[in-house]
Each structure stands twice: as structure tokens, then as C-alpha cells.
Chemist: 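Let me give you the structure first, and then I'll get to my questions.
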Protein chains: 2
Amino acid sequence: MNLRELSKRLNLSQTTVSRALNGYPEVNEETRKRVTAAAAEFNYRPNIRARTLATGRSMSIGHIIPFSKQNEMVNIVFADFIAGAGEIYAQHGYSMSLSLVRDEDELSAYRGVADKGAVDGIIVHSPARDDPRIAFLADLDIPFLVHGRASEVTTPYSWLDVNNKRAIETGTRHLLDLGHRRIGLINGEERMDFAQRRRDGYLAALSAAGIAPDSALMRSGEMSEPYGHLATQEMLDSATPPTAFVASSIVSALGIRRALHERGLVMGRDISVLCFDDEISYLPNGKTRPVFTAVHSSVRAAGRRCAELLIDQIAHPDHKIRTELWDAELAIGASTGPCP
Amino acid sequence: MNLRELSKRLNLSQTTVSRALNGYPEVNEETRKRVTAAAAEFNYRPNIRARTLATGRSMSIGHIIPFSKQNEMVNIVFADFIAGAGEIYAQHGYSMSLSLVRDEDELSAYRGVADKGAVDGIIVHSPARDDPRIAFLADLDIPFLVHGRASEVTTPYSWLDVNNKRAIETGTRHLLDLGHRRIGLINGEERMDFAQRRRDGYLAALSAAGIAPDSALMRSGEMSEPYGHLATQEMLDSATPPTAFVASSIVSALGIRRALHERGLVMGRDISVLCFDDEISYLPNGKTRPVFTAVHSSVRAAGRRCAELLIDQIAHPDHKIRTELWDAELAIGASTGPCP
DNA sequence: TCAGGCATCCAAAGCGCTTTGAAGTGATTC
DNA sequence: GAATCACTTCAAAGCGCTTTGGATGCCTGA
């Protein structure tokens, strides 16, 4: 049952039926009732593909999600970001189209996203510092927005990011204020822009306190529980172990906690732990009394806001670039205390 | 630059240009070269919307992901499932379209998925026991496959599921074999089909060992770290605390571990913990020596297989229903030991 | 010489919608 | 009585591709 068929049965033109169903004003109320009744009776549902071609808009937003072949990991925060963005999309009648693209894949692998007309806009996740996707998309002349930034990219582009540097700088200063002098950093992979910025924040805080960085205290790798565990073990085994840790993710922090427990160390007393907390829904840090002292910023809220910004950008292609920098907040939890 | 424009410049018909670009045999090699060269030169990319309308296939698979308003959670395993499915889709030229649908939303909220022509097939996630989506989709007459099952639904449908009952039954028996008699169950929400089946497995194992179930030892709720923590605390505070726990997820198991540590209890010695492990990429349980004794089954592999089954179903709409039941494997880790 | 076959290419008809521009009603106004 | 207007409705032209059902020319073999 398509529009032509339906309009024939109603003895009306396709125009009228289409307008009746889409709520246009120039159609008699009585006619509209007849039409909607018939549509329901014959179980008519418009073909979205045809509509999409006729209107020139696909009402769909693409998400490009990198995932590394190496560790077969999708970024931890992704599910919550999507949940936030999905909420906004639903409100505006958009749907969401995903492409998981391996690190090593060609840019041409953005099938279903970069294809002309497949989506009305694109959100880019977890950019690397010199992410080639950004120039590629700018060239494609399609609205897009980056969650995060790519410091080495010179093309202008829209983005929303957390002030990662300031966040970790603040967190590290908190540990310094507690008297810690040897602070371990367990970071994400530093080709990722956010990881680089977090390291910068860590270094800035040390430097402000007049402490020389020690490369033995800085690790970067996948943000998984076992990596946090491993890195902690190794640092604690050194001759001059750290008295505190800064973790780039609450997931790595879980690994730190496990390593400390195994050695009978009490978190917040013997060793302090501070982490960046994206407020992942199934790993909440506790509202009133956080388990981990953390700088936190809701990735779900970021998803919502990115969706809003992109939709706005699609609606008004005139003023192009928009950027937003969010500050993370420090919340003191049970995992930090004065340097013993 | 569209097909017509391009064919004009080449002094060829649209037919020939289209065929040249899509690799049909009935076009001169020389002409094909000219065409591909011109396509590259003018940066021609076919409009996917038009193709989709002309071919009648959207080359896109929809995923319906429920998420509960209540706890604002997207199922933990979702990201890895998607990563697996996405791999297969990429191989077959499909893209992936997501709809996050709130529990309380009407079925009509499946915009962009149930819309006619938007997708060629659908994967349904985390079905409830009487999930209304299944009958709805069967009615829509579109290929779909359920990851999991819905016991109370009578309409036949395709599915892939883990044998949740047997898995937890096996796990529970392992604890019983170690001498445990009071075993706590920390389950997911039991309107979810898998949670119900896991409870069934737990009860079956107890019953086989001649142990009467104790409702004080059975909890169900969101599969988050804090819930695991809370449930454990409460059970340990009872007059007759359990000596072992069965957790429905590795995430709840993390909460159990935290609660035990807080009380100075050693996991695997004082209290045993067994969990169901979906092999989430950033919470791996350890290959050689698992942290948790667990019944495990890869949700990423499930994603891959679901994608394969659905694509096959789309290609051969004739033999309709296909089902697959996977067995989870028990792997002994460090978290279980003889009842003290 | 001509039928038949092969290799290329093409015109045109969709796919199922939206939207433009125009036209058909009565009712109202001058 | 003609002109104007608001309200409805419609025919038809796209949107940009794929695909059907021929054409066209050239070569082969009888």
C-alpha cells in the first residue's frame, strides 16, 4: 500500500493525501479525517526512502566510532554518549547511524556515513591529535561536530570538549595540596587528543609545584581494568613508589584499587587515587560520598549537547563553526587523603 | 555533481555510466576507464538515498535498544555487541541504525527503524519476558532477530541466545561442589528474560542438591557496581550470611568485591564469588588466571553471529525462522574456593 | 549476401514520495 | 453582474538513481 494506491481509493490526489497526513493546514478537516482513517485501515506507512529522496534530507545523524584492532576495544564512554545523543535525536525526529571504523582502515571505509545523502550530519568520536577524519569531512562539505578536539588539525571545525588539561591539573594539584610528591599517572593512549591534554594538565600541576616529572611515573595505554592493575603493580614495585595515582578513567581506577587491595594497602590512607570520571551509568561513583575522588563531567550530557549543537548547525548552515569547552568538577571522595 | 551531469560530460547515457561504476560486465573496458577517471575528477559520489529508492534495499540494519528511564542505563554489554555486529556489517556493505527506546515509550517510537524502508532488518536487544516488540515486528513483516529470547511470547521468531539457565546452574553447582550451602544470588531485573532464566538455573542447582531456596538470598536489580555492593552488604549483615555469591554480571561482581574488601574478607577464601561474564572488552576477566570464576560467553561473538544470521535471513526470506542456543563455559578463577 | 551472434550502448520507465503552480469552488464585495 | 478572495483540491514535475527492453554496429559462418 503506497501513496498512489491510497489516494486512488480515496478519490483524492496524492498531494492532498500527503498533506493531510503531514499536518498541512490547507486541507479540509473532514477530508483529513477520511484520510487518516483510510491510512489506518489499510495500514499505510510512508516509505521513508522515497521521502528522504524527495525532501533531500535523511533525518539521520552519523556517528563515526573508531575502534582499535589492537585491543579490540570500543571506547568505554561510548554507550552513555549515545544514550544522551539519542534522546535529543528522538525529540527532533532524527535517527542515528553508526560506523565503527578500525584504526587502520582507510577513510573510504566510512560507508553509510560519508556516502552522499546517507546522513544529514556527523559526530566524530575520540579524535586523535592529528585526526585525518576532520579534514576529510570538512572537504565533504557536510555538517559535523567533534566530541573532543584534535590539536594538530588546522582546519576549523565545530567541537565540544571537556577542559581536560584544567581538570587533571586541578586534580593533581589537589593531591599536591595533600602533600603528595610522587604521583603516578595512568593515562589513556596519548595519540588520543584528550590523553595528551590530560598529561599536559598533570605536568603543569607538577611544574607549578616545582616538581620535576619522572617518566617512571607516567604510563599510557588502553583504559581497561587490567591495564590499571598492571601499571599500578609495576609502579609500586619500583624503588621509589608513588604515594598517589591519577587515573584517566574510572575503569583504570578499578584496576588500581584491585592492585592496592592485593597488597593490603588502604586506598585514601596508604595510597591516594584520583580519577577522571565520565559518569558512566553502570559504574557510578556515588553521589553523596564518592568512592573515588574525581574530576567529573557527564559524558551523557555531552552527548545530549553535541546532538543539540549539530542539529542546530544542520538547521542553520550559515554561522558554521561552534565550539564549547566544559569544565569538569572536582569532587572529593574516599580515595584520597594526606600523604602518609 | 550527479549521475546525469556526469553522463552528459562524458557523452554517455546514465545507464552506461551507472554500469561502469558498479562493475557490470557489459561495458567496454576503455569506456569504464574514462568513466571512473571522470568520476574521480569531478568528485562524483552517488546519492545513496536515490540508490536506496531505486533498488528497494536500504543496506542498513536497525538495532532497537531499550533503556530504562528508571536508572538511565543502557545495557552494559551493548557496546561490545555492536562492535561485533558492526564488523560483519562492514564486510557486507551494511550500515547500522540505532534506536534507543525508553521502556515506557510506545511501540510507535521506533521511528527510523520500523518506518517502512528505513532498514532491511532489525535486531532486538534485551527482550523482556513478554516483550511486545516481537509481535509488533512480526506484524510489520520485516526480517528481524532477537538477541535473547522472550519466553512468554508465542509468535515464532528468530533468535540467538546463551543457555542462561544451564550456565548459572553449572556455576551454582560448582559452588555447591565446593561445599557452599548458603549462596546469594545477585541478579538482573527479572522482567528481563535472561535474568529469569538465570534465576531458574540457580534454583535448579539448589533443588538438585536438596537445598530449599531462601528469598533473603535472592536479589534482583540493575546490573551496576553500586547495586552489587549494596546487595552484598545487606546479605552479609543478615543473621545467617551467605558464604558464596552468584552475580549476573561482572559489573555487579565488582561491587561484591568492593563490599568484601571493605570488611576485610578475602575473595576466594572467606567468601566465594562466581559471575556471568560477557567478556566485555574493557573489563576483561583475565585469560590465563581469571580474577573471577565465571561462566563466560562472548557478547561480541554473539553480535557477529547475530549479524550473520540476520543478513542471511534477509538474503533468503524463504526459510524464515532460525535459532541458535550457545553454551557458556565455566572457567575457574581466583574468586572461588572451598566453603570455610 | 544474409541470418545470427556478440559486444556496447541507450532511451525511458520506474522507485514512492514532496512540492510547485494552477485551478475549481462558493461566498463576499463593489 | 463582475471582480475579488479564501478555501480546497489537483496535475505534474521533480528527487537521482537502477534496470528493462531494445538499438546499433560489427563480425562470423553458411
Chemist: From the set C:dT18, C:dT8, C:dC10, return the single nucleotide nearest to any side-chain atom of B:Glu26.
Modeler: C:dT8
Chemist: With respect to the side chain of A:Arg51, which nucleotide from C:dC17, C:dG16, C:dT20 is positioned closest?
Modeler: C:dC17
Chemist: Are any side-chain N or O atoms of A:Ser60 and backbone N or O atoms of A:Val119, one a donor and one an acceptor, separated by less than 3.5 Å?
Modeler: no
Chemist: Let me know the distance between NZ of B:Lys8 and P of D:dG16, rounded to the nearest Å.
Modeler: 12 Å
Chemist: Is any side-chain N of the basic residue among B:Asp80 and B:Arg300 closer than 4.0 Å to the acidic one's carboxylate O?
Modeler: yes
Chemist: Compare the minimum distances between each of C:dC15, C:dC17, C:dC9 and the side chain of A:Arg4, then state the nucleotide with the smallest one.
Modeler: C:dC15
Chemist: Would you kindly give the CG-to-P distance between A:Leu53 and D:dG16, to the nearest whole Å?
Modeler: 7 Å
Chemist: On the nucleotide C:dC9, are OP1 or OP2 found under 4.0 Å from the side-chain N or O atoms that B:Thr16 carries?
Modeler: no
Chemist: Is it true that B:Glu308 and B:Arg305 make a salt bridge, defined as a side-chain N closer than 4.0 Å to a carboxylate O?
Modeler: yes
Chemist: How close or far is atom P of D:dC10 from atom CG of A:Leu6, stated in whole angstroms?
Modeler: 13 Å
Chemist: Run through A:Phe81, A:Tyr157, A:Phe78, A:Trp326 and flag the one making a ring-ring contact (aromatic ring centres under 6.0 Å, His included) with A:His147.
Modeler: A:Phe81
Chemist: Can you tell me how far apart CZ (B:Arg34) and CD (B:Glu29) are? Round to the nearest 0.5 Å.
Modeler: 13.5 Å
Chemist: With hydrogens left out and only the distance checked, is there a donor-acceptor pair under 3.5 Å joining A:Thr15's side chain and the base of C:dT18?
Modeler: no
Chemist: Within less than 4.0 Å of OP1 or OP2 of C:dC17, is there a side-chain N or O belonging to A:Tyr44?
Modeler: yes
Chemist: Heavy atoms from C-beta onward define the side chain here; which of D:dC10, C:dT18, C:dC15 lies closest to that of A:Gln14?
Modeler: C:dT18
Chemist: The side chain of B:Pro46 is closest to which nucleotide in this list: D:dC17, C:dC17, C:dA11?
Modeler: D:dC17
Chemist: Please give me the minimum heavy-atom distance between B:Ser58 and B:Gly117, naming the atom from each residue.
Modeler: CB-O, 3.5 Å
Chemist: Can you check the A:Asn22 CG to D:dT9 P distance for me, whole Å?
Modeler: 16 Å
Chemist: Nearest-nucleotide wise, let me know which of B:Ala50 and B:Tyr24 is further upstream toward the 5' end of DNA chain D.
Modeler: B:Ala50
Chemist: Looking only at side-chain atoms of B:Leu3, point me to the closest of D:dC17, C:dT20, C:dC10.
Modeler: D:dC17
Chemist: Consider the side chain of A:Asn47, meaning its heavy atoms from C-beta on, and name the nucleotide among C:dC17, D:dG16, D:dC10 that approaches it most closely.
Modeler: C:dC17
Chemist: Under 4.0 Å between a side-chain N or O of B:Ser13 and OP1 or OP2 of C:dC9?
Modeler: no
Chemist: Heavy atoms from C-beta onward define the side chain here; which of D:dC10, C:dT8, D:dT18 lies closest to that of B:Asn28?
Modeler: C:dT8
Chemist: Please pick, from D:dT18, C:dT19, D:dT8, the nucleotide with the shortest atom-to-atom distance to any side-chain atom of A:Thr55.
Modeler: C:dT19
Chemist: A:Arg19 CZ to D:dC10 C1': how many Å, rounded?
Modeler: 10 Å
Chemist: Should the side chain of A:Thr31 and the base of D:dT9 be counted as holding a donor-acceptor pair, with the cut-off at 3.5 Å?
Modeler: no
Chemist: How close or far is atom P of D:dC17 from atom CG of B:Leu21, stated in whole angstroms?
Modeler: 10 Å
Chemist: Just how far, in rounded Å, is P of D:dG14 from CG of B:Asn2?
Modeler: 13 Å
Chemist: Need to verify one output field. Residue with the more 5' nearest nucleotide on DNA chain C, B:Arg32 or B:Ala54?
Modeler: B:Arg32
Chemist: Without decimals, in angstroms, what is the distance between A:Lys33 NZ and D:dT8 P?
Modeler: 13 Å
